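Both counts, for ligands and for their atoms, begin at 1 and track the order of listing. Computed from a prediction, not measured in an experiment: that's the story for all the values here.
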Amino acid sequence: MLTVDEAFRKFKSRLELNDKEQANASARHNEVRDYLGTKFGIERSFLTGSYKRHTKTKPLKDIDIFFVLKESESHYRSKAPATVIDDFAKALVAKYGDKAVRKQSRSVNIDFGIVADAEDNTDYRVISIDAVPAFANGDDYEIPDTDTGKWIKTNPEIHAEKAVTAHQAYSNEWKGLVRMVKYWNNNSKHGEKPVKPSFLLEVMALQCLHGGWQGRFDYEMQGFFATLADRIFDEWPDPAGLGPAISNGMDAARKQRAQTLLRAASREATLAIDHGRRGRNGEALKAWRELFGPKFPLS
Ligand SMILES: Nc1ncnc2c1ncn2[C@@H]1O[C@H](COP(=O)(O)OP(=O)(O)OP(=O)(O)O)[C@@H](O)[C@H]1O
Ligand SMILES: [Mg+2]
């Protein structure tokens, strides 16, 4: 029978990005770029966000692509953020249809109509991408934010460097733990995601995973859930010091709900560890699977 440690290693590898998925993401990137290039002056575009940092969880969806607009499009920059979002959405509806295209506060989501199966598998295909209009500003970018009605600054390279530093300081286990907690956050049993945006979990992990890797996934996850619960009411600024606080995405009621669910997860983890300690390996595996969802293996 699978040990708990083996199960966590398998879980970790199931949440890793593989070659087929990267090929599909790249094909979708090219497809959307080639099309948007016929509608807008696009300087360059690139895959970014958690996908690029390897902190995205499965199933793969909402992969961020920045479309850096040319100087000829700078009229958008002096207009309300909703204008460029509206125009991106209109253009994308013409290709992908009404049902596939959804406006979000900083991007336009394109759904490719791929449905994950009961095991959260998509046959290595990307479910959706987030097309983000952007303007270069020195080393930073400015992107629209219809929530605040302002253009906000961001710098994906700084976020990527912070993630790499944290990962290395944690014996190269940090990104795997972030993907696991984001997988828990996506588990449909919660209904709505406990923590929103899920980027907040990664930002919190920069501080909540500290003291170095202790060698056991089960203890790491138990402690991680407990610390996240304790600190969910803190203010969490943009780690690059440019955009609005990442913790602005939740009001007090949402944070309270997140804390309750994170505490429950930490307790469930304690119970799962206890099963293992008493030699009830099968019960331990079931408890972890119940906590995380179908990608946690039972065998
Ligand atoms: N408030 C913010 N200020 C500045 N940059 C931000 C802010 N929020 C997000 N970003 C940047 O935009 C990227 C995309 O945002 P998004 O909410 O999709 O997060 P993500 O890290 O890609 O997580 P997910 O796995 O949920 O897609 C982030 O990875 C980060 O680099
Ligand atoms: Mg994203």
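Protein heavy atom in closest approach to atom 26 (O) of ligand 1: Ser198 OG, 2.4 Å. Protein heavy atom in closest approach to atom 27 (O) of ligand 1: Lys56 NZ, 2.7 Å. In terms of protein heavy atoms, atom 19 (O) of ligand 1 is closest to Phe199 CB, 3.5 Å. Atom 3 (N) of ligand 1 has Gly243 CA, 3.3 Å as its closest protein atom, hydrogens excluded (heavy atom only). The nearest protein atom to atom 8 (N) of ligand 1, hydrogens excluded, is given as Arg106 NH1, 3.2 Å; this is a heavy-atom distance. Of the protein's non-hydrogen atoms, the one nearest atom 30 (C) of ligand 1 is His159 ND1, 3.2 Å.
When only interatomic distances are considered, the shortest N/O to N/O separation between Arg53 and ligand 1 falls below 3.5 Å. Of the polar atoms of Asp130, none of the N or O atoms is found under 3.5 Å from an N or O of ligand 1, judged by distance alone. For the pair Pro244 and ligand 1, the shortest N or O to N or O distance falls below 3.5 Å. Residue contacts with ligand 1: Ser50 is placed with a nitrogen or oxygen under 3.5 Å of a nitrogen or oxygen of the ligand (distance criterion only).
A salt bridge links Glu31 and Arg28; the closest N-O separation between the charged side-chain nitrogens and carboxylate oxygens is under 4.0 Å. Salt-bridge formation is not detected for the pair Asp87/Lys39: no Lys NZ or Arg NE/NH1/NH2 atom is positioned less than 4.0 Å from an Asp or Glu carboxylate oxygen.
Residue-environment remark: NZ (Lys52) stays at or below the threshold of 12 foreign heavy atoms within 6.0 Å. Surrounding NZ of Lys61 are at most 12 heavy atoms belonging to other residues, nucleotides or ligands under 6.0 Å away. Annotation: Lys189, atom NZ; neighbour count of heavy atoms from other residues, nucleotides and ligands within 6.0 Å is above 12. Asp117 CG: more than 12 foreign heavy atoms inside a 6.0 Å radius.
Between Phe292 and Trp288, the angle of the ring planes stays under 30°, which puts this pair in the parallel group of the 30/60° scheme. The aromatic rings of Phe217 and Phe8 lie parallel to each other, with less than 30° between the two planes, well short of the 60° mark. Aromatic ring pairs are classed by plane angle as parallel below 30°, tilted from 30° to 60° and perpendicular above 60°; the pair Phe46 and Tyr141 is tilted.
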For Phe40 and Glu73, what are the C-alpha separation, side-chain angles and deciding distance, and is it a side chain to side chain contact (heavy atoms under 4.5 Å, CB included)? CA-CA 7 Å; Phe40 300 91; Glu73 301 288 4; 3.8 Å; yes
Take Thr83 and Asp86 through the side chain to side chain donor-acceptor pair (under 3.5 Å) test and state the conclusion after the steps. CA-CA 5 Å; Thr83 310; Asp86 282 350; 5.9 Å; no
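Comparing Asp64, Val178, Thr148 against atom 22 (O) of ligand 1, the shortest heavy-atom distance belongs to Asp64.
Aromatic pair Phe135/Tyr76: ring centres not closer than 6.0 Å.
Residue contact check: Gly49 has heavy atoms under 4.0 Å from atoms 22 (O), 29 (O) of ligand 1. Close contacts of ligand 1 with Lys153, meaning ligand atoms under 4.0 Å from a residue heavy atom, involve 4 (C). Atoms of ligand 1 found under 4.0 Å from any heavy atom of Thr154, numbered from 1 in the order shown, are 4 (C), 5 (N), 6 (C), 11 (C).
If you look at Lys182 next to ligand 1, the close heavy atoms, those under 4.0 Å, all belong to the side chain. Only side-chain heavy atoms of Ile246 come within less than 4.0 Å of ligand 1; its backbone N, CA, C and O stay farther off.
Around the Mg ion (ligand 2), protein N, O or S atoms at less than 2.8 Å number 1.
Among Asp147, Asp145, Asp130, the one residue that satisfies the salt bridge (Lys or Arg N to Asp or Glu O under 4.0 Å) test with Arg106 is Asp145.
Between the side chains of Asp62 and Ser128, at least one donor-acceptor pair of N or O atoms lies under 3.5 Å.
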